[in-house]
**Student:** 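Below is a structure I'd like to ask you about.
Quick caveat: nothing in here was measured; it's all calculated off a predicted structure. This chain uses plain numbering: 1 for the first residue, then up along the sequence. For ligands, and for the atoms within them, numbers begin at 1 and follow the listed sequence.
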Amino acid sequence: MKLKDKVNLGPAGLVLFLSCWANSGASFAAEPLFVQRVESATPSREAIGKAEEQVREHKDVKFREKMAVPPFHKRMEPPLKEGETYCQGCHRPQPHSKKLRTRSFLNMHSRYIACETCHFRPEDVRLEYRWFDYAARQPAAADGGRFRTGRNLDNSVLIDGKFKIAPFHRGEPAFALPGTAFAERVGREWQEGDLAVRARLKARLHAPLSKEGPACAKCHTEDSPLLDLAALGADSRQAAAIRRHVIPQFFGRYQSDDDRLKIIDILR
Ligand code: HEC
Ligand code: HEC
Ligand code: HEC
């Protein structure tokens, strides 16, 4: 419902409007793009079946206290742990464990790059990447001082986990935040639901997400990189140092060497 439709409503219409608002809170246009995509997701049977297996194996130990439904008056308060993304309510702080080669780099990146920057990359829209202050729960101005790469003394800047590079859509944050109505509703469903409910919920939540993030070279490249480092505040020296960093460059080669190895294995 558009705002102007609201203006000429009589009392009955107003009640109708308000109840629509309450019922459709999550699909309301002002919701972040990720939330809209979750709300409209229709996962396949296969995806739900797979999710059921995962949820059955998923240990709720991982599922931390923070996701518990907060008392009503606390609804909009910041999450208990500063700098945490919505995803970290269910995933461990170091969520990457499967791939030995990349996991420590990805876990380190998660301190200054939001999960959604790498995992929420819908193909049909253009996202921009900006700093977001998870403690203040608002966008933060560009600031090259937050980058450690390309300085005279590398790594002399401590990572302040509350600032992360996060996706924006039409100037608005494209991701969910802990403590919002959406997060509460999901948390409640997840805690109270049986296996079928949780499986469906897992499938819907992850339908708009990519299982894998972008390759290292998507960001560490000169050739149309994912992030506009200048818009994030990096000067040209910093941007060049990040884009040409030798470690991710090496990773690109290393991976293809590995592919060759596998072919040799097959031929053996
Ligand atoms: C309600 C809990 C919950 C939330 C919130 C959640 N996840 Fe998950 N996620 C799971 C479960 C359960 C799995 C299955 C694997 C496991 O047990 O860890 C999973 C698996 C994944 C996987 C592996 C691929 C797949 O789909 O199985 C990725 C990647 C992932 N999540 C990313 C995210 C990101 C990014 C967010 C935030 C936008 C997020 N998750 C939010 C519960 C959650
Ligand atoms: C810099 C990009 C990047 C960021 C940031 C990132 N991921 Fe990932 N993620 C990846 C890639 C790439 C993979 C595929 C596995 C690999 O290459 O190691 C992956 C895989 C995963 C998996 C599958 C399990 C595993 O061990 O690989 C989960 C779950 C996951 N990510 C969750 C998250 C969550 C939660 C966050 C935020 C706290 C996050 N990711 C932040 C790039 C990223
Ligand atoms: C979404 C974009 C993105 C992806 C994908 C990405 N990086 Fe980075 N990476 C960055 C940014 C931005 C920095 C600069 C951080 C800073 O200077 O504080 C960086 C810095 C680094 C650094 C140096 C600083 C540090 O934190 O030690 C290394 C090494 C690195 N990345 C390796 C990798 C590897 C390996 C991969 C793939 C597994 C990868 N990156 C994937 C964006 C990315």
**Student:** Could you tell me which atoms of ligand 1, counted from 1 in the order shown, lie closer than 4.0 angstrom to a heavy atom of Y86?
**Tutor:**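 Ligand 1 atoms under the 4.0 Å threshold to Y86: 5 (C).
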
**Student:** Test of understanding: clusters of I, L, V, M, F, W, Y form through side-chain heavy atoms closer than 4.5 Å, transitively. Do L226 and I242 belong to the same one?
**Tutor:**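 Yes.
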
**Student:** Show which atoms of ligand 2 fall inside a sub-4.0 Å distance from at least one heavy-atom site of I113.
**Tutor:**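 Selected atoms, number and element: 5 (C).
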
**Student:** Assess whether atom CG of D194 is packed by more than 12 heavy atoms of other residues, nucleotides or ligands within 6.0 Å.
**Tutor:**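 Yes, CG of D194 has more than 12 neighbouring heavy atoms, counting only those of other groups under 6.0 Å.
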
**Student:** Are any of the N/O atoms on K98, whether in the backbone or the side chain, positioned under 3.5 angstrom from an N/O atom of ligand 2?
**Tutor:**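 Looking only at distances, the answer is yes, because the N/O contact criterion of under 3.5 Å is met.
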
**Student:** Which ligand 3 atoms, with their elements, are less than 4.0 angstrom from a heavy-atom of P214?
**Tutor:**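 Answer, ordered by atom number: 5 (C).
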
**Student:** Heavy atoms only: which of H109, Q88, H96, Q94 is nearest to atom 6 (C) of ligand 2?
**Tutor:**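 When every heavy atom of H109, Q88, H96, Q94 is considered, H96 comes closest to atom 6 (C) of ligand 2.
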
**Student:** Could you check T117 against L227 for side chain to side chain contact (heavy atoms under 4.5 Å, CB included), going step by step and ending with a plain yes or no?
**Tutor:** CA-CA 9 Å; T117 292; L227 305 178; 4.2 Å; yes

**Student:** Taking atom CZ of R200 as the centre, does the number of heavy atoms from other residues, nucleotides or ligands within less than 6.0 Å exceed 12?
**Tutor:**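 Counting neighbours around CZ of R200, 12 or fewer heavy atoms of other residues, nucleotides or ligands fall under 6.0 Å, so no.
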
**Student:** Is H91 close enough to atom 8 (Fe) of ligand 1 that one of its N, O or S atoms comes in under 2.8 Å?
**Tutor:**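 An N, O or S atom of H91 is closer than 2.8 Å to atom 8 (Fe) of ligand 1, so yes.
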
**Student:** Can we call the ring centroids of F175 and F132 under 6.0 Å apart?
**Tutor:**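 Centroid separation for F175 and F132: below 6.0 Å.
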
**Student:** Identify the two heavy atoms, one from P32 and one from P173, that lie closest to each other, and give their separation to 0.1 Å.
**Tutor:**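 It is CB-O, 3.6 Å.
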
**Student:** K98 and R103: side chain to side chain contact (heavy atoms under 4.5 Å, CB included), yes or no, with the steps?
**Tutor:** CA-CA 7 Å; K98 285 199 181 125; R103 65 186 186 189; over 6 Å; no

**Student:** State the atoms of ligand 3, each with its element, that fall below the 4.0 Å cut-off from a heavy-atom position in M108.
**Tutor:**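 This gives 25 (C), 26 (O), 27 (O) as the contact atoms.
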
**Student:** H245 versus ligand 3: do any nitrogen or oxygen atoms come within less than 3.5 Å of each other?
**Tutor:**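 No: no nitrogen or oxygen of H245 is under 3.5 Å from one in ligand 3.
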
**Student:** Of all the atoms in ligand 1, which lie at a distance below 4.0 Å from a heavy atom belonging to L205?
**Tutor:**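 Atoms satisfying the 4.0 Å criterion: 1 (C), 4 (C), 5 (C).
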
**Student:** How would you list, by chain and number, every residue that makes a side chain to side chain donor-acceptor pair (under 3.5 Å) with R130, sequence neighbours excluded?
**Tutor:**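 Side chain to side chain donor-acceptor pair (under 3.5 Å) check on R130 returns nothing, list empty.
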
**Student:** Closest by any non-hydrogen atom to atom 27 (O) of ligand 1: pick that one out of R92, Q54, E57.
**Tutor:**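 Answer by nearest heavy atom: Q54.
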
**Student:** Applying side chain to side chain contact (heavy atoms under 4.5 Å, CB included) to V38 and F182, what does each step give before you reach the verdict?
**Tutor:** CA-CA 10 Å; V38 169; F182 168 78; 4.2 Å; yes

**Student:** Out of all atoms in ligand 3, which are within 4.0 Å of some heavy atom of T102? Include the element for each.
**Tutor:**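 In order of numbering, the contacting atoms are 38 (C).
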
**Student:** Measuring from atom CD of Q88 to atom OG of S110, what distance do you get when rounded to the nearest 0.5 angstrom?
**Tutor:**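 So the gap between those two atoms works out to 7.0 Å.
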
**Student:** Would you say T117 and ligand 3 have an N/O pair spaced under 3.5 Å apart?
**Tutor:**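 No: no nitrogen or oxygen of T117 is under 3.5 Å from one in ligand 3.
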
**Student:** As an exercise, identify every atom of ligand 3 less than 4.0 angstrom from a heavy atom of I247.
**Tutor:**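 With I247 as reference, the close atoms of ligand 3 come out as 29 (C).
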
**Student:** Hey, which atoms in ligand 1 end up nearer than 4.0 Å to a heavy atom of C90?
**Tutor:**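 In order of numbering, the contacting atoms are 1 (C), 2 (C), 3 (C), 4 (C), 5 (C), 42 (C), 43 (C).
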
**Student:** Answer whether the closest heavy-atom distance between the side chains of Y86 and V186 falls below 4.5 Å.
**Tutor:**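 Of all side-chain heavy-atom pairs linking V186 with Y86, at least one is under 4.5 Å.
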
**Student:** Look at the N, O or S atoms of H119, main chain and side chain alike, and state whether any lies under 2.8 Å from atom 8 (Fe) of ligand 2.
**Tutor:**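 An N, O or S atom of H119 is closer than 2.8 Å to atom 8 (Fe) of ligand 2, so yes.
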
**Student:** Counting from 1, what ligand 3 atoms have a heavy atom of L227 closer than 4.0 Å?
**Tutor:**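 Those qualifying, in numeric order: 2 (C), 12 (C).
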
**Student:** Below 4.0 Å, non-hydrogen atoms only: which portion of F120 touches ligand 1? Side chain, backbone, both or neither.
**Tutor:**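 Looking at F120 and ligand 1, no heavy atom falls under 4.0 Å.
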
**Student:** Which bit of L209 is near ligand 1, meaning a heavy atom under 4.0 Å away: side chain, backbone, both or neither?
**Tutor:**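 The part of L209 near ligand 1 is the side chain, not the backbone.
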
**Student:** For A176 versus E116, what's the shortest heavy-atom pair and its separation?
**Tutor:**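 Smallest heavy-atom distance, with atoms named: O-OE2, 4.2 Å.
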
**Student:** With heavy atoms of A114 as the reference, note each atom of ligand 2 found under 4.0 Å away.
**Tutor:**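 Matching atoms, with element in brackets: 5 (C).
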
**Student:** Could you tell me the separation between the CD1 atom of I165 and the CG atom of L232, rounded to the nearest 0.5 Å?
**Tutor:**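 I165 atom CD1 to L232 atom CG measures 5.0 Å (nearest 0.5 Å).
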
**Student:** Would you mind finding which of H58, R56, E212 brings a heavy atom closest to atom 16 (C) of ligand 1?
**Tutor:**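 Going through H58, R56, E212 one by one, H58 has the nearest heavy atom to atom 16 (C) of ligand 1.
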
**Student:** Using a distance threshold of 2.8 Å, state whether an N, O or S atom of C118 lies below it from atom 8 (Fe) of ligand 2.
**Tutor:**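 For C118, the answer is no, given that no N, O or S atom comes within less than 2.8 Å of atom 8 (Fe) of ligand 2.
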
**Student:** What closest approach, in Å, do C219 and P225 show between heavy atoms, and which atom pair accounts for it?
**Tutor:**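 Shortest heavy-atom contact: O-CB, 3.9 Å.
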
**Student:** Apply side chain to side chain contact (heavy atoms under 4.5 Å, CB included) to T85 and K164, showing your working.
**Tutor:** CA-CA 9 Å; T85 62; K164 291 183 171 68; 3.9 Å; yes

**Student:** Considering only heavy atoms, does H220 approach ligand 3 within less than 4.0 Å through its side chain, its backbone, both, or neither?
**Tutor:**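 Within the 4.0 Å criterion, H220 contacts ligand 3 through side-chain atoms alone.
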
**Student:** Closest by any non-hydrogen atom to atom 31 (N) of ligand 1: pick that one out of E53, K202, H206.
**Tutor:**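 Nearest option to atom 31 (N) of ligand 1, by heavy atoms: H206.
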
**Student:** Can the ring centroids of F120 and F34 be said to lie less than 6.0 angstrom from one another?
**Tutor:**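 Yes, the ring centres sit under 6.0 Å apart.
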
**Student:** Looking at K211, which atoms of ligand 1 are within less than 4.0 Å of one of its heavy atoms?
**Tutor:**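 So the answer, numbered in order with elements, is 24 (C), 29 (C).
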
**Student:** Which atoms of ligand 2 have any heavy atom of P95 under 4.0 Å away?
**Tutor:**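 What qualifies from ligand 2 is 26 (O), 32 (C), 33 (C), 34 (C), 35 (C), 36 (C), 38 (C).
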
**Student:** What distance separates R121 CZ from H119 NE2, expressed to the nearest 0.5 Å?
**Tutor:**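 Reported value, rounded in 0.5 Å steps: 8.5 Å.
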
**Student:** Distance check below 2.8 Å: does C87 bring an N, O or S atom to atom 8 (Fe) of ligand 1?
**Tutor:**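 Within the cut-off used here (under 2.8 Å), C87 places no N, O or S atom near atom 8 (Fe) of ligand 1.
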
**Student:** In terms of atom number and element, which parts of ligand 3 are under 4.0 angstrom from non-hydrogen atoms of I242?
**Tutor:**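 That gives atoms 11 (C), 13 (C), 14 (C) of ligand 3.
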
**Student:** May I ask you to list the atoms of ligand 3 that are less than 4.0 angstrom from any heavy atom of T149?
**Tutor:**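 The list of qualifying atoms is 14 (C), 15 (C), 16 (C), 17 (O), 23 (C), 24 (C).
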
**Student:** Taking heavy atoms and a distance under 4.0 Å, where does F105 meet ligand 3: side chain, backbone, both or neither?
**Tutor:**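 The answer is the side chain.
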
**Student:** Out of G213, S97, C216, C219, whose heavy atom is nearest to atom 42 (C) of ligand 2?
**Tutor:**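 Ranked by closest heavy atom to atom 42 (C) of ligand 2, first place is G213.
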
**Student:** Could you measure the distance from the NZ atom of K202 to the CD1 atom of I48? Nearest 0.5 Å is fine.
**Tutor:**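 These two atoms lie 11.0 Å from each other.
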
**Student:** How does T85 reach ligand 1, by side chain, by backbone, by both or by neither, if only non-hydrogen atoms under 4.0 Å count?
**Tutor:**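 For T85, there is no contact with ligand 1 at all, from either part.
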
